[in-house]
Peer 1: 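Take this structure, written in structure tokens, and hold onto it; I'll ask about it next.
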2 protein chains.
Amino acid sequence: MNEKRQQILEAALKLFVTNGFHATPTTKIAQTAGVATGTLFHHFKTKEELINTLYLETKDVLIQSLSSQVDQQETIKGKLRQVFFNAIRWAVNHPEHQQFYDQFSNSPFISNITRELGHQRFQFIYDLLKQGQENDMLKPIPIDLLFEAIQGTLNGITKYLMDHPDKITDEQCLESAFALYWDTLKG
Amino acid sequence: MNEKRQQILEAALKLFVTNGFHATPTTKIAQTAGVATGTLFHHFKTKEELINTLYLETKDVLIQSLSSQVDQQETIKGKLRQVFFNAIRWAVNHPEHQQFYDQFSNSPFISNITRELGHQRFQFIYDLLKQGQENDMLKPIPIDLLFEAIQGTLNGITKYLMDHPDKITDEQCLESAFALYWDTLKG
DNA sequence: AGCTTTGTAGACTGATTAGTCGATTTACTA
DNA sequence: TAGTAAATCGACTAATCAGTCTACAAAGCT
């Protein structure tokens with residue numbers, strides 16, 4: 001059954017974001033998931049493998065969400081705008097995954113696992129930025145710097161929305177937020 | 001002696017940023033600091049108190065660095081510019097503290113301790129932003145949103161500089177980075 | 001139906017951990 | 001100098017943890 005496996009991942013996610021990786025014993029994960037510890041270690045050889053699996057699966061969903069409907073936009077600005085709102089939507093709809101991702105990204109765990117791989121997955125955003133620069137629409141600065149800056153801006157905006165849930169449906173506020181993002185980018 | 005206490009804090013900082021909070025045993029901290037575990041627990045009642053102390057002391061130094069020489073600037077833009085370069089300088093000069101601060105801020109630990117207190121300490125930046133808005137220099141959006149956004153932008157820029165140390169002395173690059181920051185703010 | 005593989009269970013273990021305790025030394029005060 | 005308080009030490013403990021082991025149950029295959 002793949003069902004138990006999924007239950008374990010979900011239980012782990014919840015416990016990790018509230019307690020942290022190391023403060024969450026495997027026994028508690030199993031207990032919360034309603035399975036035995038033996039079952040947990042049957043599906044994941046080690047606790048670390050469980051964490052990494054959770055990270056990679058979370059990232060897969062994130063990447064897919066980010067690129068959704070981007071092709072349907074005509075202009076570079078439209079595409080980047082789509083990415084922006086995709087990112088907001090993902091964070092709002094998957095708050096626990098969002099938290100987990102932030103936590104993992106800033107923890108020393110990340111250095112053990114594929115850090116370079118991270119950027120490769122966001123390649124399509126790099127490509128958008130590069131195109132924008134060639135059209136003289138975006139700032140002519142190192143692309144990594146541009147990427148990190150908007151990533152940061154986006155993180156900040158997301159954090160704000162998480163702390164002020166009433167704003168999530170405030171169209172005007174979201175437009176202002178997009179302006180912050182776009183002004184960071186545009187040359 | 002306060003010397004041992006300092007040694008403990010320094011050892012803890014190094015171990016925390018490389019191993020994480022929970023993956024760092026108190027025995028190892030004591031050993032690295034060259035003291036006995038009893039000494040560690042004499043200075044800090046619990047491991048959590050040690051972590052919180054480290055966080056608060058780190059933050060104190062950070063805040064002080066951020067506000068340095070800001071008064072000497074005439075304009076709002078000048079003041080915010082000073083804050084920007086102060087932040088960069090702090091991160092460059094205290095990379096371990098910077099890492100620790102990021103790690104702690106994104107960990108579930110933060111929820112246990114004074115989260116609201118965080119913003120209070122940055123009050124002077126809020127004041128600057130408010131003044132700038134009143135002079136129609138900055139974007140007329142919720143001040144929390146503005147704050148989180150530039151905080152995020154700054155984080156991104158810092159991360160970039162950490163990954164590309166050769167750029168740290170590149171004046172032109174730093175000016176470009178400041179432009180990213182300023183364009184996020186200005187209305 | 002037999003046989004093999006895979007999934008599930010939970011008691012158990014060896015290692016590790018945060019924190020304690022009583023003994024000893026150092027620093028401070030009168 | 002005598003006496004007290006604070007600092008240091010490290011062996012020790014009770015609890016907890018990641019991961020193992022053995023047994024049993026489904027499921028798939030021929």
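To find a chain, count down the sequence lines: A is the first, B the second, and so on, and within it residues start at 1.
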Peer 1: What is the distance, rounded to the nearest whole Å, between atom CD of Gln7(A) and atom C1' of dT8(C)?
Peer 2: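 Gln7(A) atom CD is separated from dT8(C) atom C1' by 12 Å.
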
Peer 1: Apply the ring-ring contact (aromatic ring centres under 6.0 Å, His included) test between Tyr55(A) and each candidate in Phe21(A), Phe104(A), Phe16(A); give the one that qualifies.
Peer 2: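 Among Phe21(A), Phe104(A), Phe16(A), the one that satisfies the ring-ring contact (aromatic ring centres under 6.0 Å, His included) with Tyr55(A) is Phe104(A).
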
Peer 1: Does His42(B) make a side-chain N or O approach to OP1 or OP2 of dA7(D) shorter than 4.0 Å?
Peer 2: yes

Peer 1: In whole Å, what is the span from the NZ atom of Lys45(A) to the P atom of dG7(C)?
Peer 2: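 To the nearest whole Å, that distance equals 13 Å.
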
Peer 1: Write down the distance between NZ (Lys4(A)) and C1' (dT8(C)), rounded to a whole number of angstrom.
Peer 2: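 For the pair Lys4(A) NZ and dT8(C) C1', the rounded distance is 7 Å.
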
Peer 1: Counting only side-chain nitrogens and oxygens, does Thr39(B) get under 4.0 Å of the OP1 or OP2 atom of dA7(D)?
Peer 2: no

Peer 1: Of the listed nucleotides (dG19(C), dG19(D), dC9(D)), which one gets closest to any side-chain atom of Thr46(A)?
Peer 2: dG19(D)

Peer 1: Here's a test of your reading of the structure: between Ala23(A) and Gly38(A), which maps to the more 5' nucleotide of DNA chain D?
Peer 2: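 Between the two, 5'-proximity favours Ala23(A).
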
Peer 1: Calculate the interatomic distance between Leu15(B) atom CG and dT17(C) atom P; express it in whole Å.
Peer 2: 12 Å

Peer 1: Can Asp102(A) and Lys159(A) be counted as an ion pair, charged N to O under 4.0 angstrom?
Peer 2: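 Salt bridge between Asp102(A) and Lys159(A), a charged N being under 4.0 Å from a carboxylate O: no.
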
Peer 1: Do the ring planes of Trp90(A) and His94(A) sit parallel (below 30°), tilted (30 to 60°) or perpendicular (above 60°)?
Peer 2: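 Correct class here is parallel.
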
Peer 1: So, OP1 or OP2 of dA18(D): does either fall under 4.0 Å of a side-chain N or O from Thr26(A)?
Peer 2: yes

Peer 1: Using whole Å, what does the distance between atom P of nucleotide dT8(D) and atom CZ of Phe44(B) come to?
Peer 2: 11 Å

Peer 1: Using whole Å, report how far CD of Glu3(B) lies from C1' of dA6(D).
Peer 2: 16 Å

Peer 1: Can a side chain N or O of Lys28(B) be found less than 4.0 Å away from OP1 or OP2 on dT17(C)?
Peer 2: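 For Lys28(B), the contact criterion (side-chain N or O under 4.0 Å from OP1 or OP2 of dT17(C)) is not met.
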
Peer 1: Think His43(A) has a side-chain N or O under 4.0 angstrom from the OP1 or OP2 of dT8(C)?
Peer 2: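 For dT8(C), OP1 or OP2 has a side-chain N or O of His43(A) closer than 4.0 Å.
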
Peer 1: Over how many whole Å does the gap from Leu50(B) atom CG to dT17(C) atom C1' extend?
Peer 2: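 So the two atoms are 15 Å apart, to the nearest Å.
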
Peer 1: Could you check which of dC17(D), dC9(D), dA18(C) has an atom nearest any side-chain atom of Pro25(B)?
Peer 2: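 Of the options given, the side chain of Pro25(B) lies nearest dA18(C).
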
Peer 1: Under a 3.5 Å cutoff, is there a donor and acceptor pairing between the side chains of Thr27(A) and Thr37(A)?
Peer 2: no

Peer 1: Among the nucleotides dC9(D), dG19(C), dG19(D), which one has an atom lying closest to any side-chain atom of Lys47(B)?
Peer 2: dG19(C)

Peer 1: For Glu175(A), is the CD atom crowded, meaning more than 12 foreign heavy atoms sit under 6.0 Å from it?
Peer 2: yes

Peer 1: When you measure only distances, ignoring hydrogens and angles, does the side chain of Thr37(B) come within 3.5 Å of the base of dA11(D) through a donor and an acceptor?
Peer 2: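 Such a pair exists between side chain and base.
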
Peer 1: Rounding to a whole Å, what distance do you find between Arg5(A):CZ and dT6(C):C1'?
Peer 2: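 Between C1' of dT6(C) and CZ of Arg5(A): 14 Å.
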
